[in-house]
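Just below is one structure, and these are the notes that go with it.
Residue numbering restarts at 1 for every chain, and letters A, B, ... go by the order of the sequence lines. In what follows, every heavy atom counts, from backbone to side chain, and hydrogens, waters and symmetry copies are set aside.
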Protein chains: 2
Amino acid sequence: MSQMQNVEKQLREMILGLEIGPGERLTERWVESRFGASRTPVRAALLRLETEGLICRDGRGWTVSPINLAELEQIAVYREAVEVAAVRLTCALQDRGAVEIIEAMLDSCDDQTPREEWHRVGMDFHIELARLSGNEFLFRAVRDAMTRLSRARWLEVRDEAALGRAWAEHHDILSAVRAGDADGAACLLSSHIDGSRDRLVTSLRNDRRGLRARGFAVVA
Amino acid sequence: MSQMQNVEKQLREMILGLEIGPGERLTERWVESRFGASRTPVRAALLRLETEGLICRDGRGWTVSPINLAELEQIAVYREAVEVAAVRLTCALQDRGAVEIIEAMLDSCDDQTPREEWHRVGMDFHIELARLSGNEFLFRAVRDAMTRLSRARWLEVRDEAALGRAWAEHHDILSAVRAGDADGAACLLSSHIDGSRDRLVTSLRNDRRGLRARGFAVVA
DNA sequence: GATACCATTTTGGGATACCAAACTGGTATC
DNA sequence: GATACCAGTTTGGTATCCCAAAATGGTATC
């Protein structure tokens with residue numbers, strides 16, 4: 001793999017994994033020495049990560065994007081629009097291949113919820129669901145939105161009950177899609193995203209002091 | 001303005017204005033000499049234009065993205081989802097400021113359709129309509145989708161009647177939004193986008209031979 | 001005449017050097 | 001003690017250089 005993609009990937013991992021906290025300043029020189037690359041690939045990586053919304057310009061320099069509660073709410077509205085459109089499309093398609101994938105996703109929902117991987121599994125559900133639509137743009141929109149939400153979801157305080165409820169909702173949505181019930185699936189998905197947004201924003205708002213104590217910038 | 005933004009802007013203009021045809025190869029060296037910039041800003045510009053979908057990698061080099069009919073249809077589905085969501089949001093908001101902008105947009109619809117500027121005006125309508133929602137992500141999605149559609153719309157054969165119908169539809173959509181009729185506006189907008197997509201794809205499909213003759217790559 | 005092969009050129013990826021602007025820390029002045 | 005100012009440092013933006021890989025074109029062989 002080229003150095004450029006390597007720097008980009010590793011830096012993204014560090015940001016998404018909160019190894020570099022929201023609001024921290026980044027210098028090109030630091031990234032250079034941290035990953036043993038020179039400025040050209042570092043520059044390319046930073047430009048890419050900027051378009052993903054993971055970092056943003058801070059005057060002349062770079063900053064890891066702060067957690068922005070207003071932005072999280074807007075993203076929820078955005079992803080609801082595209083996810084619902086995607087799931088309606090999938091219902092309308094009645095694709096043979098899609099049914100098989102849905103069956104597999106239903107099975108994995110029934111499995112014990114993976115204790116360590118709820119974060120990735122929760123994101124992948126929505127991304128894969130969007131992929132089923134066959135529409136590249138709806139898919140990318142959902143994937144990018146989930147990426148932007150990813151760090152905030154790590155910071156959300158979650159109890160067992162909420163996780164169990166989420167898997168149950170995922171199951172119901174898949175069932176509706178399998179049955180070709182577009183309105184039902186759309187409705188279930190909407191409520192799921194609404195609830196998810198409410199819990200996320202509420203949790204972060206309540207814990208804002210604690211997050212700041214960890215050095216994480218959280219803006220209203 | 002910095003050299004970097006300058007190269008990006010000028011190159012984008014050339015691509016969107018079809019001064020560099022879809023499918024043409026680009027070399028970093030050519031861009032360098034064409035705009036009198038060095039490789040660093042040229043690369044930054046190319047990376048940005050890649051994320052906008054205006055250019056794409058072609059093995060080791062760069063190619064101005066071909067016109068892709070399947071992609072145009074997918075973009076139409078995507079923009080319908082986000083535009084409808086935006087317009088519903090705007091209706092629900094009942095924002096005072098929005099009403100004023102809507103009045104202004106209605107007025108400009110009633111003006112004689114600007115003979116030379118129908119292309120830009122047609123795009124701006126949808127972009128400004130999305131901006132009214134106040135949701136940055138819906139807005140960006142519409143703006144980016146319209147940018148991706150822009151070149152194809154230049155190539156579409158349009159008659160007077162079709163243009164007049166488009167302005168009338170714009171007018172009706174704005175009226176519905178002003179009246180706060182979310183379902184009506186959503187419905188009108190959906191048909192408008194559907195019709196627009198059909199005419200666009202049909203026109204390009206029929207003229208595919210002529211487009212190839214002009215050196216423009218058009219893929220199915 | 002077609003094709004396989006090799007030397008040359010071109011090109012994108014990476015590294016480094018340089019510059020101007022912004023930031024920092026300290027000092028001198030009030 | 002506070003503040004204005006200045007020198008030194010840091011940093012991002014740009015230009016340039018180097019390199020390996022790919023494209024090119026010509027030649028020799030069959």
Side-chain angles (χ1 to χ4, degrees), chain A residues 1-16 19-66 68 212 215-217 219, chain B residues 1-16 19-66 68 212 215-217 219:
Chain A
M1 183 186 298
S2 74
Q3 193 72 278
M4 187 181 79
Q5 293 171 325
N6 210 31
V7 173
E8 181 185 337
K9 189 170 174 178
Q10 291 188 48
L11 188 55
R12 186 190 293 109
E13 291 294 322
M14 288 188 72
I15 294 173
L16 289 178
E19 294 175 56
I20 317 177
E24 264 182 63
R25 304 248 350 220
L26 281 181
T27 67
E28 297 189 355
R29 256 84 175 191
W30 179 84
V31 180
E32 267 180 75
S33 63
R34 177 66 178 73
F35 299 103
S38 83
R39 305 193 61 191
T40 310
V42 165
R43 191 59 90 74
L46 291 173
L47 285 173
R48 286 239 164 77
L49 294 176
E50 183 190 22
T51 69
E52 294 181 34
L54 297 182
I55 62 178
C56 51
R57 304 214 86 105
D58 173 35
R60 211 165 58 118
W62 300 93
T63 297
V64 177
S65 300
N68 184 322
R212 286 209 186 263
F216 296 158
V219 306
Chain B
M1 183 184 293
S2 72
Q3 193 70 279
M4 187 180 79
Q5 293 171 323
N6 211 32
V7 173
E8 181 185 338
K9 189 171 175 178
Q10 290 188 47
L11 189 53
R12 185 189 293 109
E13 291 295 324
M14 288 189 72
I15 294 173
L16 290 178
E19 294 175 57
I20 316 177
E24 263 183 66
R25 305 260 332 235
L26 281 181
T27 65
E28 296 187 356
R29 256 83 178 194
W30 179 84
V31 180
E32 264 181 78
S33 63
R34 178 66 178 73
F35 300 103
S38 80
R39 306 191 62 189
T40 311
V42 165
R43 282 194 198 154
L46 291 173
L47 284 174
R48 288 238 164 77
L49 295 176
E50 184 190 21
T51 69
E52 294 181 35
L54 297 182
I55 63 177
C56 51
R57 305 214 86 105
D58 173 36
R60 212 164 58 117
W62 300 94
T63 297
V64 177
S65 300
N68 184 322
R212 287 209 185 263
F216 296 160
V219 306

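- No option in A/L46, A/L16, A/L11 other than A/L16 meets the side-chain contact (heavy atoms from CB on, under 4.5 Å) test with A/L54.
- Of the side-chain N and O atoms in A/S38, one or more sit less than 4.0 angstrom from OP1 or OP2 of C/dA15.
- Scanning atom types as modelled, one donor and one acceptor separated by under 3.5 angstrom connect the side chain of A/R29 and the base of D/dG12.
- At the heavy-atom level, B/G61 lies under 4.0 Å from the strands shown only through sugar-phosphate atoms.
- B/R25 places its CZ atom 11 Å from the C1' atom of C/dG12, with the value rounded to the nearest Å.
- D/dT14 atom P lies 12 Å from atom CZ of A/R60, rounded to whole Å.
- D/dG1 is paired with C/dC30 under the criterion used here, namely a Watson-Crick or G-U wobble arrangement in which both key atom distances are under 3.5 Å.
- Rounded to whole Å, the distance from CZ on A/R57 to C1' on D/dG12 is 8 Å.
- Among the candidates A/R43, A/R60, A/R34, the single residue satisfying the salt bridge (Lys or Arg N to Asp or Glu O under 4.0 Å) test with A/E28 is A/R43.
- C/dT10 is paired with D/dA21 under the Watson-Crick or G-U wobble criterion, all donor-acceptor distances under 3.5 Å.
- What separates CH2 of A/W62 from C1' of D/dG12 is a distance of 10 Å, to the nearest Å.
- Look at CD on B/E28: it is 5 Å from P on C/dG13, rounded to the nearest Å.
- Across the protein-nucleic acid pair, A/L47 atom CG and C/dG14 atom P stand 14 Å apart, rounded to whole Å.
- Taking atom CD on A/E32 and atom C1' on C/dA15, their separation rounds to 9 Å, with Å as the unit.
- Taking atom CZ of A/F35 as the reference point, atom P of C/dA15 lies 14 Å away to the nearest angstrom.
- If you check every strand for non-hydrogen atoms under 4.0 Å, B/L46 touches nothing.
- A/Q10 places no side-chain N or O within donor-acceptor distance of the main-chain N or O of A/V7, the cut-off being under 3.5 Å.
- Side-chain contact between A/F35 and A/M14 is present, with heavy atoms from C-beta onward closer than 4.5 Å.
- Side-chain atoms of A/R39 and base atoms of D/dG13 include a donor and an acceptor less than 3.5 Å apart.
- Look at A/R48 and A/E52 and you find no salt bridge, because none of the NZ, NE, NH1 or NH2 atoms lies under 4.0 Å from a carboxylate O.
- For A/R43 against C/dG14, a side-chain-to-base donor-acceptor contact under 3.5 Å is absent.
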